[in-house]
Structure formats: structure tokens, C-alpha cells
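See structure below.
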Amino acid sequence: MANPKLKSISKPSQNSNVIARRKPAAAVKTAYSLAEREEIFHRFSVQRPEPRGELEHTNPFTLVVAVALSAQATDAGVNKATRALFKVADTPQKMLDLGEEKVRDYIKTIGLYRNKAKNVIALSQMLVDEFAGEVPETREELVRLPGVGRKTANVVLSMAFGQATMAVDTHIFRIANRIKLAPGKTPDEVEERLMKVVPKHYLYHAHHWLILHGRYTCKARRPECERCVIADICKSPEKSCDIPAPLVELPPQVIGEAVE
């Protein structure tokens, strides 16, 4: 009896589609586990349930101007200068009608006021010419405005339009590196990493929590660890205390009276 023929096993063609192996996702650069990050932002949320930015403004336009003026200046100093300014010019057209020279007079107590006055007039002109006097709601359009960088755009997107962004100022840049939450060499690098390490359900308020923590507790010259609610979790080599401060809700923020 003839031997039965064995079915040949066909080899895959070199041209056939081969399923590529997925590369493992890059590890998020942070010194904290997910559980630790959850606890950090949970405590911040108890301490300040509804954190707010401390720049006075009345609408998206005055917010754009205030944030642009705050570069290399304190929020308290900007508020003092803009209170009178925004009473007479709270729209792009009113700012243009006021003119650069008078804008300079209102903001002359702020550092770099001459260049900032030029930018305020220029961004007002662009808003009138290209955006019908309305502040755009995308980062790509906002950063086109004179004097508006990525940080300013992120603040506006968050505070004016309710988008979850991470505006990395000097406080957040310092905190992210000091406590090893999202270390990076540049603000953009820190922003990208914070967007990944902050638990999503805390992301909307996270930049305010970090700014206020850096401004009032984890200060630049000397962190006040004895007043820190995350002292037991913090992995900063600079910390001087391992006992967290009592976790209680702080008094409501008084906007415009902040001490820098």
C-alpha cells in the first residue's frame, strides 16, 4: 500500500504581513507610585477644594493681558496696576482706543512695562483684525498673539475655557524638580511629564494646586516642610520634616491680596 502523502506546510511569504511586536510603553519619569500620586493630589484637593488663579480679571481678554503682564512680575503687582486699566479698557477695541502711551502709564510699576505695553496693543490689534475681538480657544491660535507664550496660553485655556492644561511657571518648574514629581530640564519637558503623572481626575485643578503649594509652602528659598500636608510622602532631598501638617481645608483665597 502506497504511503499517504503528507500535506506540506507552507512557509509564509516574505511579502506577507507580519504582526510587529509592540514596544513596551516608556516608563513615566517620576519618583512616586500611582498610589502615592493619588494621595498627594487627594490631600491638595482637601486643602483647597476649589483653587483659583490669583490674577484679577473680568473676561478672557483681561485674563490674557494680565497673564502676559505677569512675566517676571508678581501677581499682586500686576493686580495693582491693572485694576484701573481694566476699568477703562476691558476689550481689545477699548485698549486700542486708549493707545500705547496711556497703557504704559497704567502699567509703569510693572517690570519691562514699555515692551509689555507694545505687546498689549499689538495683541489687541490682532484680536480685532483676525478674531473679531474675541479671544481664541485653541493653544495654536493663542500663542500667535504678541507676548503670549505657551504658559500664558495654558493659563487662558484653563481659567477662561475650562480646559485641563498644565501651565508651568517658575513655581511648578521648581516643585516638579525639587520633589521629583516630574523632573525635567525645560518647562515644556516638565509640562509633558506632569500631564502623564497627575491622575486624570485631578488634572483640571493640578496646576493651581502646585503653584499655590510652591508659592506658600514649598518656597524657593526655604521650603516650609512643617506646614506641608505631603511631608511624609515627599521625596525631596531638601525636606526637613517627615510629619505632615494637619489636613484641613484652608480659608478661601482672597484674590488680589496675595503675598508673594
Looking at [X], I'd like to know if its [atom1] atom is crowded, meaning that more than 12 non-hydrogen atoms belonging to other residues, nucleotides or ligands lie closer than 6.0 Å.
| X | atom1 | answer |
| --- | --- | --- |
| Lys239 | NZ | yes |
| Gln163 | CD | yes |
| Lys235 | NZ | yes |

Q. Going by an N to O cut-off under 4.0 Å, is there a salt bridge joining Lys118 and Glu100?
A. no
Q) Salt bridge check: are Lys196 and Glu192 linked by an N-O gap of less than 4.0 Å? A) yes
Q. Do you know which of Leu203, Ile230, Val198 makes side chain to side chain contact (heavy atoms under 4.5 Å, CB included) with Phe41?
A. Val198
[Y] backbone acceptor or donor facing [X] side chain under 3.5 Å:
| X | Y | value |
| --- | --- | --- |
| Arg150 | Val143 | no |
| Arg178 | Cys218 | yes |
| Lys116 | Ala71 | yes |
| Thr165 | Ala167 | no |
| Asn154 | Met166 | yes |
| Tyr202 | Ser45 | no |
| Arg48 | His205 | no |

Q: Please report the shortest heavy-atom distance between Leu63 and Val155, naming the atom on each side.
A: CD2-O, 4.3 Å
Q | Any donor-acceptor N or O pair under 3.5 Å, side chains Glu141, Thr138 | A | yes
Q) Cut-off 3.5 Å, side chains only: do His201 and Glu38 have a donor facing an acceptor? A) yes
